[in-house]
Amino acid sequence: MKHLLIIGVLVLTTYISYSQNTINLETCYEGLNANYPLVKQHIILNHQNETELSAIKTQALPQLKLNAQATYQSDVTEVPIPNTGIEPLNNDQYRATLTANQLIYAGGKIKASQDLQNTINERKKQEVTVSLYQLKQRVNQLYFSILLMDDYAKLLGLRKAQLTSKLNEVKSGIENGLLLPTSDKVIEAELLKILQQIQEANNNKSKLINSLADFTGISIQMETQFEKPFLSIDDNSNLLRPEIGLFDLQKEEIEQQQNIVSKSLWPELKGFATGGYGNPGLNMLENNFRSFYIIGLNINWNVFDWNTNKKQRQVLDYNKELIKNQEEVFRLTNNIALNEQYKEIETLKSSIAIDQQLISLQKEVVNTYESQLTYGVITTSEYITELTKLYETENLYNQHNTQLQLAKANYKTIKGDIK
C-alpha cells in the first residue's frame with residue numbers, strides 16, 4: 001500500500017509538472033483577451049459611461065442660479081406729481097437673487113440621451129473587442145512559427161543522431177581498412193553544420209516565444225511544450241466577426257441620434273422660483289431694501305425651424321447608408337479572404353499527400369545507399385547527398401502539416417469562429 005501511494009504521488013507530480021510546462025493555442029487566445037493592455041479600456045469606458053450618465057441625470061434636478069449686482073444710474077424713475085410723498089429712487093441700486101429652475105417636461109429627451117450614451121459606450125467597447133480580435137492572427141503566426149521551429153529542431157536532432165551513428169560505423173571501417181582515411185571528415189563537417197542550424201533554430205524560437213509572451217501576458221519558457229492543434233473548419237458562409245456587431249451598434253447609435261434630433265421639436269416646460277433682496281424691490285415706487293419672490297412656469301417651443309431638424313435627420317440617414325456600405329465592403333473582403341484561405345487549405349492537403357509518397361521513395365533510396373556505404377561501394381558524400389534529400393523532404397512534409405493547421409486557424413479567425 002505504501003508503494004502504491006508513492007507511485008501515485010510520483011504520477012500526480014509528473015502530471016502537474018507536465019501540465020505546467022505545456023501550452024496550447026486556446027490558452028494563448030485566452031491570455032490575449034485577459035492580459036493585453038488594451039483590455040483595460042473596457043474598465044475605463046465603463047467608469048466614463050457612469051460619469052456621463054450621472055451628468056445627464058442632473059438635467060432633471062433643480063438648477064440653482066445666484067445673481068447679485070450693484071449699479072449706479074444717471075437717472076431714475078420719478079412720479080411727476082408734486083406733494084405725493086413718494087420719494088424718488090436712489091441712483092445707486094442693489095439686487096441679489098436666487099433662482100431655482102425645475103424641468104417638468106422635455107418630451108423624453110433625457111431618457112433618449114441616456115440610451116444614446118449607453119450605446120456609445122457599447123460601441124467604444126466593441127471597437128476595443130475588434131482591435132483585440134485582429135491581434136489573434138498575429139498570435140496564430142507566432143504560435144505556428146514556434147511549432148515550425150520545433151519540427152525543424154526535431155528533424156535536425158534525428159539527422160544528427162543518424163549521422164553520429166553512421167560516423168561510428170565509418171570510423172570502424174577506416175580502422176579495419178575498408179574505407180578511405182578521409183571518409184569520416186565529410187560526416188564530421190555535416191555534423192558541425194547541423195549543430196550550427198540547431199543553434200540558429202533555438203535563437204529564432206526564443207525570439208518568437210518572447211513576442212508571444214508579450215502579446216498574451218503568459219510566462220513561457222524555452223522548455224515549454226507547444227501542443228500542435230488539429231483544427232476542423234466549417235465552410236458555411238456565416239460571418240461571426242466582432243466587426244459585424246460594431247456595424248450594428250454604429251447604426252443603432254445613429255438611430256438614437258435621430259430620435260434625439262426629432263425630440264428637439266417638442267416643447268420644454270419648466271417651473272421656476274426666484275427669491276431676492278434689493279433696493280428697490282418689486283415695488284419700484286418704494287425706495288427701501290425689500291425681500292421679494294416670483295413663482296411661475298416657462299414653456300419653450302421652437303415652432304418653426306426652417307426644416308433644420310429634417311435636414312439634420314437626413315444627414316444622419318446618409319451616415320447610416322455609409323455604414324451599411326462599409327459593412328458590405330467588409331463582408332465582401334472577408335468572403336474573398338475566406339475563399340483564398342480555403343484554396344490554400346486544399347493545396348496544402350494535396351502537397352502533404354505528395355510529400356508522403358516522396359518520403360517513402362527517398363527512404364528506399366537512402367536504405368540502398370546506406371548498405372553500399374557500409375561495403376565501400378559509394379563515398380560518404382554520395383550517401384550524405386541522398387540523406388539530405390530525405391531530410392529536406394521530411395522537413396517539407398512537417399512544414400506543410402503545420403502550415404495546414406495555420407491555414408485552418410487563419411480561416412477560423414477570418415470567419416470569426418475564434419472566441
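These figures come from a predicted structure and were not determined experimentally.
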Residue pairs passing the ring-ring contact (aromatic ring centres under 6.0 Å, His included) test with at least one member in residues 247-267, sequence neighbours excluded, are Phe247-Phe330
For Glu286, the side chain to side chain contact (heavy atoms under 4.5 Å, CB included) test, sequence neighbours excluded, returns Asn283, Asn288, Arg290
Residue pairs passing the salt bridge (Lys or Arg N to Asp or Glu O under 4.0 Å) test with at least one member in residues 199-215, sequence neighbours excluded, are Asp150-Lys205
Applied to residues 63-74, the salt bridge (Lys or Arg N to Asp or Glu O under 4.0 Å) test, sequence neighbours excluded, yields none
Where do Glu328 and Lys324 land on the salt bridge (Lys or Arg N to Asp or Glu O under 4.0 Å) test, with the steps shown first?
CA-CA 6 Å; Glu328 290 175 3; Lys324 288 180 180 178; over 6 Å; no
Sorted by chain and residue number, the side chain to side chain contact (heavy atoms under 4.5 Å, CB included) partners of Thr413 (sequence neighbours excluded) come out as Tyr29, Tyr133, Lys136, Gln137, Asn140, Ile418
For Asn202, the side-chain hydrogen bond (donor to acceptor under 3.5 Å, both in side chains) test, sequence neighbours excluded, returns none
Residue set satisfying side chain to side chain contact (heavy atoms under 4.5 Å, CB included) with Asn401, at least two apart, ordered chain then number -> Ile352, Tyr397
Residue set satisfying side chain to side chain contact (heavy atoms under 4.5 Å, CB included) with Lys57, at least two apart, ordered chain then number -> Gln114
Taken in chain and number order and not counting sequence neighbours, the residues that satisfy ring-ring contact (aromatic ring centres under 6.0 Å, His included) with Tyr143 are Phe226
Quick note, ring-ring contact (aromatic ring centres under 6.0 Å, His included) partners involving residues 308-329, not counting sequence neighbours, are none
Residue pairs passing the salt bridge (Lys or Arg N to Asp or Glu O under 4.0 Å) test with at least one member in residues 301-314, sequence neighbours excluded, are none
Contacts satisfying salt bridge (Lys or Arg N to Asp or Glu O under 4.0 Å) that involve residues 122-132 (not counting sequence neighbours) are Glu122-Lys125, Arg123-Glu127, Arg123-Glu253
